[in-house]
Structures are given as structure tokens and as C-alpha cells.
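Let me begin by presenting the structure, written as C-alpha cells, before commenting on it.
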Amino acid sequence: MEVQRSLRVLDGAVVVFDGVAGVEPQSETVWRQADKFQVPRICFINKLDRMGASFDRSLVSIYERLTPNAVAVTIPIGHEENHEAVIDLMRMMAVYFRGSHGENLELAEIPDTLKESAGEWRRKMVEKIAETDDALTEQYLEGKEIALDALKRALRAATLRYRLVPVFCGSALKNKGVQLVLDGVVDYLPSPLDMPPVKGIHPDTNAEDTREAKDNAPFAALAFKLQSDPYVGQLTFFRVYSGVLRAGSYVMNSVKGSQERVGRILRMHANSREELKEIEAGNIGAIVGLKNTFTGDTLCDPEHPIILEKIVFPEPVVSLKIEPKTKQDQEKMGIALRKLSEEDPTFRIKGDIETGDTIISGMGELHLEIIVDRMKREFSVEANVGRPQVAYKETVKHMAEAEGKYIRQSGGRGQYGHVWIRVEPRERGKGFEFVSAIKGGIIPNEYIPAVEKGVKETIEKGILAGFPVVDIEATLYDGSYHEVDSSEAAFKIAGSIAFQEACRRAALILLEPIMKIEAVTPEQFLGEVTGDLNSKRARIEAMTDRGMGIKVIDARVPLAEMFGYVTTLRSLTQGRASYTMEFDHYEEMPHNVAEAIVEGRK
């Protein structure tokens with residue numbers, strides 16, 4: 001989710017790879033997210049001074065797993081302890097990094113032993129760049145030398161259109177090669193002026209509106225992250241798309257329709273922050289002291305309101321039951337969970353009415369472990385965490401009728417209630433309906449609501465295993481009453497008895513929640529993933545391709561089988577697969593599984 005919201009507000013990205021491991025599982029996940037947002041990017045193969053580093057192997061892993069459009073623009077001189085410099089293929093010069101921190105750049109001739117190999121690398125680079133520009137293709141085919149400026153211009157244009165991805169190399173720890181990467185950011189990645197105007201809608205008319213990245217345009221910004229800071233309180237990170245924001249001014253939160261006062265504006269650095277009087281279009285900063293602004297809200301000029309496109313977050317897939325360890329932790333836990341959910345939109349809290357548990361949901365077991373750990377560290381709240389209970393339901397398969405009689409005689413006035421009830425199944429998802437078919441006053445009208453109340457109470461408590469009864473129609477069609485002894489209480493009990501008996505005769509079954517899942521896995525693990533899903537009673541409905549050897553599996557799986565699935569999936573695929581899950585429908589459980597649950601409940 002951190003990646004998702006960052007990519008929403010960034011114009012370009014530098015993707016860093018380990019020179020030993022090459023493309024790692026998490027890199028694939030992040031790369032696919034960047035594809036979704038169409039973010040232009042450059043690559044940096046780092047740590048070439050480590051034991052076992054290989055530039056060639058890492059580059060091949062980028063070609064095979066991520067994109068065939070990668071193009072090397074620098075190559076290393078030496079690996080491991082012999083990594084001393086890089087060759088800039090644009091200028092065909094060796095670049096050495098002198099000084100204790102590699103701060104002094106020194107250009108030199110390429111060593112004779114590497115001239116031939118560097119020439120081959122350059123030929124490949126020029127060919128790939130020329131393919132993206134008709135004029136350069138012509139020059140290349142005629143065997144003419146292409147000017148450096150023309151090459152850089154064409155590579156920039158191709159990078160912005162995501163037709164090429166420049167690849168740099170070096171060692172960040174020793175400051176070797178990073179200078180060329182920073183030049184690459186300037187040369188090849190977009191500035192805010194290269195991006196099309198940001199789109200939004202007018203909050204009153206819903207008409208489409210745009211904002212250009214100009215300082216003299218009306219102010220518009222997107223809040224993309226909240227963070228609790230121990231020194232200054234709540235920090236709201238935001239990206240300015242147009243106009244200028246000044247400290248002390250008032251802005252409008254167009255999503256909430258409220259005004260906010262901008263206290264201090266900070267420019268955030270890795271380990272420090274700098275206070276600003278104003279911040280211009282294209283920049284990212286943080287505001288201290290906003291009261292009512294959350295992730296995805298738009299801040300804008302009150303005179304020119306606009307709502308920018310919101311950040312879409314994936315739905316949580318893993319849930320856990322949580323409870324405070326002591327009575328003192330009860331209130332503190334509520335405050336801690338609320339603050340954490342404000343910071344993190346993929347972390348959700350809900351109370352399960354049916355089981356009385358507090359359920360927390362997130363993007364994976366690790367995500368929730370970190371939340372529980374943060375509660376302990378930051379809020380001093382101790383909590384017990386357990387596996388949540390699946391919300392099963394009960395229903396009937398056939399139509400059946402039953403009689404309910406409640407007769408008590410005890411000295412004085414007795415109790416008399418007598419009803420006949422018919423139950424029949426309804427279409428899945430239609431819920432419960434009570435129908436009165438009493439004619440001719442066989443049962444007086446004042447007792448009919450009492451019968452309905454008795455039926456409804458039984459529905460909530462359940463009959464077979466204590467789960468709510470759903471998708472059923474109960475018809476009260478006959479009965480009798482006593483002039484003196486009948487009462488609402490007696491008819492309520494009689495209704496409950498008749499309904500329970502009728503349901504038992506109508507073949508009671510258990511329903512379980514079925515989840516719709518989409519698993520994304522590299523092709524070589526397809527067999528293991530589908531085999532595991534089949535063992536979880538899954539119904540695989542479709543398999544599709546998503547380019548570069550990636551397969552997408554669409555399936556329907558019972559929720560009860562999905563606990564801990566994220567761990568299973570990662571261990572089956574070397575950590576390279578991911579999945580999303582959402583509720584689809586309820587359906588009948590297999591008899592043997594249902595029996596085990598009924599026994600367990602007893």
C-alpha cells in the first residue's frame with residue numbers, strides 16, 4: 001500500500017536492484033504496480049562490489065522477469081573487490097570515482113581490454129534507441145554516427161512513453177555510479193512540466209476539470225499519507241499539482257467540504273526536515289496540524305474547488321480476532337486501533353455482531369503482526385490475537401410444515417398457544433420473510449406479531465449449529481386459541497417450536513462464505529498453485545496470461561480454507577506470487593465438513 005500511494009503521486013521512479021540477487025520477488029510486485037500507474041522509470045543495478053555480484057546476470061533477470069525494453073547505458077569495470085569504475089556508453093568514456101567518498105569524478109579512456117566489449121554494448125544501446133525514432137533509424141541504417149544530443153533526446157522521449165528503460169550500475173555504498181544515476185534522473189525522467197495536466201471533477205457540478213503544473217494556476221494538492229510524529233503530532237504528506245501553498249493560509253478539503261488552516265509546511269529529507277514559507281507546483285511536502293484530512297483527500301483553493309482522482313487501495317485479505325489482555329487495555333486499544341486505521345487505509349477494524357469479536361483486517365499476516373507490535377510499542381497496549389470465526393449461515397432445502405403447541409395449566413390462568421407453520425427455501429441472498437395466511441380469525445390478530453417475534457428470535461439463534469438462518473419464508477397458516485388462557489407469550493413460544501420443527505423436517509443445511517480470488521504467479525509455479533487451490537476445495541474458473549510469463553488464476557474458494565494462504569502461496573512460489581480476495585456469495589457446504597462443524601459447536 002505504501003508503494004501504491006507513492007506511485008500515485010510520483011512522476012518517475014528509480015528501481016534499485018541487488019547486483020547479486022538481480023530481480024527479487026518484491027521487485028516484481030512493485031514493478032507490476034508501477035506498470036498499472038504507467039510511471040516512467042530507470043533501473044540501477046547496485047552492490048556490484050559484493051561477493052557474487054554479476055551485472056550481466058542481473059540485467060538478464062530484468063529482461064526475463066520484468067521488461068524486454070531495458071537498455072544498458074552504463075556498464076561496470078570489474079566486479080566484487082575489483083569494481084573500480086563504470087563505462088558511460090553515451091560518451092564512451094570510463095568514469096572513475098576518486099576520494100574517500102567517491103566525490104571526485106575523473107573521466108578517462110576506456111581500458112584497452114574492455115574497448116571491444118564496450119563497443120558491442122554501445123552498438124546494442126544505439127540500435128535500441130534508434131528503433132524508437134524514425135529519423136535516427138534512417139541514420140543508423142545508413143551507418144552514420146548519431147550525435148550524443150540526438151541519442152539523449154530520443155532516449156528521454158522513449159523513457160517518458162515507457163518504450164525504453166535505461167539501466168545504470170554501480171555501488172551506492174562506495175558512491176560509485178550514483179552520480180550518473182542522478183544525471184539520468186534529470187536527463188531521462190519527467191519533470192512536472194512533461195506530465196499532462198492533472199484531471200479532477202468540480203465538487204458541485206461533477207464536470208471534468210484540469211489543473212496545469214504552473215505556479216500561477218489555482219492551488220490543488222493531494223494528501224497521500226498520514227504519519228504520527230512523536231515531536232510535531234500528525235504529519236500530512238501531500239503533492240502539489242498546481243499553484244503555490246503558503247504557511248498560515250486557509251485551504252479547502254473538497255472531499256469533506258471543510259476548510260483547513262495550514263500551520264507549518266515541511267520539506268522532508270531522509271533524516272531531517274526543513275521548514276518552508278511556501279511550496280510550489282510539482283513539489284512534495286508535509287503539513288503539520290490538519291484536523292480533518294485523510295489519505296486520498298484533495299486540498300485546493302476555496303475559490304476554485306476541484307476533487308482529484310482518489311487513491312484506490314486493495315481490499316484487505318487477512319483478518320484476525322483481537323482482544324485486550326486486561327480491562328485497562330480496553331479503552332487504550334480502541335484509541336490505538338483508530339489512530340492506526342487513520343494512518344493506513346488498508347487496515348480495517350470491525351465488530352462482528354454475530355460473534356461479538358473485534359476483527360482487524362489487513363494485507364497479510366505480516367501487516368497485522370506489525371500493527372499488533374506497533375500497538376505494544378507506541379501505545380503500550382497488550383492484546384491477544386486469535387483466528388477469527390467464519391460467519392456460517394443455516395437454511396433449508398425443501399418445503400415442510402409443523403405444528404407448535406404450548407399448553408401450561410397451573411392452578412389459576414393457564415397458557416395456551418397453538419400454530420401451524422410452513423417453511424420453504426428462498427433464492428440465495430433474498431433473506432427472511434414472514435407471511436400470515438390466517439383467515440376468519442382462527443388466531444386473533446393481536447397474537448400474530450408474537451408468533452413472528454418467536455420465529456425471528458429462533459432465526460437469530462440458529463437451529464442446527466447456532467448460526468443465523470437465512471433465505472427462508474415462514475408462513476403461519478393455521479392454529480387455534482383459548483378465550484381465557486391464550487397470551488402473546490404463549491403464541492411466541494408456540495411459533496418458535498413450530499418453526500424449529502418445520503426447519504428440521506425441511507432438511508437444514510449449513511452455508512459457507514465463498515471468496516472470489518485472483519492469484520498472480522510466474523508460469524513455472526502454475527502447477528503447484530493450482531494443485532494447492534484444488535486441495536482447498538477451490539473451483540478454478542479461468543486462467544489468463546499477463547505478459548512476461550505471468551499467469552492469472554481466477555477461482556472461487558471457501559473462506560474457511562483461506563486462513564494462512566498468503567504464507568502458503570509465498571512458500572510455493574519462492575515468494576513471487578501474490579493474490580487478492582473478496583467476498584462473492586454463500587453456498588451449501590459439503591456434508592462431511594458441515595458435520596464436523598456441527599459437532600464442534602456442540
Side-chain angles (χ1 to χ4, degrees), residues 3 6-17 19 23 27 30-46 48 55 58-59 62-63 66-76 85-95 97 105 107 118 121-137 139-140 145-172 175-196 213 239 281-284:
V3 178
S6 301
L7 287 170
R8 168 68 177 81
V9 296
L10 296 178
D11 297 334
V14 181
V15 191
V16 185
F17 299 98
V23 175
S27 319
V30 173
W31 191 276
R32 289 201 287 265
Q33 284 175 294
D35 281 344
K36 186 172 140 194
F37 286 96
Q38 296 179 323
V39 174
R41 64 210 84 146
I42 63 179
C43 296
F44 178 53
I45 296 175
N46 187 23
L48 290 178
F55 174 74
S58 300
L59 187 59
I62 293 174
Y63 289 144
L66 303 179
T67 174
N69 300 331
V71 54
V73 291
T74 68
I75 58 170
V86 300
I87 294 172
D88 181 349
L89 297 175
M90 283 285 183
R91 294 179 285 186
M92 278 307 272
M93 298 287 282
V95 186
F97 306 91
L105 268 65
L107 293 179
W121 277 103
R122 180 177 164 84
R123 189 191 61 72
K124 285 188 207 162
M125 178 191 80
V126 172
E127 186 180 335
K128 272 199 160 180
I129 296 171
E131 280 173 2
T132 65
D133 185 294
D134 293 342
L136 295 192
T137 307
Q139 282 185 48
Y140 180 74
E145 184 62 34
I146 300 173
L148 177 63
D149 282 355
L151 266 182
K152 281 190 163 182
R153 248 197 329 273
L155 180 54
R156 177 183 177 80
T159 306
L160 296 187
R161 297 200 309 275
Y162 188 48
R163 287 187 62 188
L164 287 179
V165 180
V167 180
F168 294 81
C169 65
S171 161
N175 273 337
K176 290 177 180 172
V178 289
Q179 299 85 340
L180 299 176
V181 178
L182 294 174
D183 288 344
V185 170
V186 176
D187 292 341
Y188 309 123
L189 289 181
S191 94
L193 299 173
D194 292 314
M195 305 306 288
R239 152 85 195 251
N283 284 313
I284 284 176

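The first residue in the sequence is number 1, and the count goes up from there.
What you find for Pro40 and Thr159 is that their closest heavy atoms are CB-O, 3.4 Å. The heavy-atom pair separating Ile75 from Ala118 by the smallest distance is CD1-CA, 4.2 Å. Between Ala72 and Leu89, the closest heavy-atom pair is O-CD1, 3.5 Å. Nearest heavy-atom pair across Val39 and Ala13 is CG1-N, 3.9 Å. When every heavy atom of Ala130 is checked against every heavy atom of Ile146, the shortest pair comes out as CB-CD1, 4.4 Å.
Rounding to the nearest 0.5 Å gives a distance of 10.0 Å between CG of Leu151 and CZ of Arg153. Distance CE/Met90 to CG/Leu148: 7.0 Å, rounded to 0.5 Å. With rounding to the nearest 0.5 Å, the separation of OG1 in Thr74 from CD1 in Ile87 is 9.5 Å. A distance of 12.0 Å separates CG in Leu7 from CD in Gln38, rounded to the nearest 0.5 Å.
With sequence neighbours excluded, the residues that form a side chain to side chain donor-acceptor pair (under 3.5 Å) with Asp11 are Arg239. By the side chain to side chain donor-acceptor pair (under 3.5 Å) test, Glu145 is found to be paired with Arg122, residues two or more places apart in sequence or in another chain being considered. Applying the side chain to side chain contact (heavy atoms under 4.5 Å, CB included) criterion to Ala85, with sequence neighbours excluded, gives Ile77, Tyr96. Taking the side chain to side chain contact (heavy atoms under 4.5 Å, CB included) definition, one finds that Ser27 meets it with Phe17, Val23, Glu24, sequence neighbours left out. The side chain to side chain contact (heavy atoms under 4.5 Å, CB included) search around Val71 returns Met125, Lys128, Leu155, Leu164, not counting sequence neighbours. Evaluation of the side chain to side chain donor-acceptor pair (under 3.5 Å) rule for Glu131 yields no partner, not counting sequence neighbours. Take Glu127 and apply the salt bridge (Lys or Arg N to Asp or Glu O under 4.0 Å) test, not counting sequence neighbours, and it matches Arg123. Applying the side chain to side chain donor-acceptor pair (under 3.5 Å) criterion to Ser58, with sequence neighbours excluded, gives no partner residue. The side chain to side chain contact (heavy atoms under 4.5 Å, CB included) test applied to Ala213 returns Pro192, not counting sequence neighbours. Qualifying ring-ring contact (aromatic ring centres under 6.0 Å, His included) partners for Trp121, counting only residues two or more places apart in sequence or in other chains: Phe55.
Between Leu107 and Leu105, every side-chain heavy-atom pair lies at or beyond the 4.5 Å cut-off. Looking only at side-chain heavy atoms (C-beta outward), Thr67 and Trp31 come within less than 4.5 Å of each other. The side-chain heavy atoms of Val14 and Ile42, taken from C-beta on, include a pair separated by under 4.5 Å. Within the 4.5 Å cutoff, side-chain heavy atoms of Ile45 are placed close to those of Ile62. In this structure the side chain of Tyr140 never reaches within 4.5 angstrom of the side chain of Ile129, judged on heavy atoms.
Among residues at least two apart or in separate chains, salt bridge (charged side-chain N to carboxylate O under 4.0 Å, His left out) pairs with a member in residues 155-170 are Arg156-Asp194.
A distance-only check finds no donor-acceptor pair linking the side chain of Asn46 to the backbone of Val16 [under 3.5 Å].
Checked by atom type, the side-chain pair Asp35/Tyr162 shows a donor-acceptor distance below 3.5 Å.
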Steps toward side-chain contact (heavy atoms from CB on, under 4.5 Å) verdict (Val178, Phe44): CA-CA 8 Å; Val178 289; Phe44 178 53; 4.0 Å; yes
Acceptor/donor pairs from residues 180-189 side chains to any protein atom, 3.5 angstrom cut, sequence neighbours excluded:
residue : atom : partner : partner atom : Å
Asp187  : OD2  : Lys152  : NZ           : 3.4

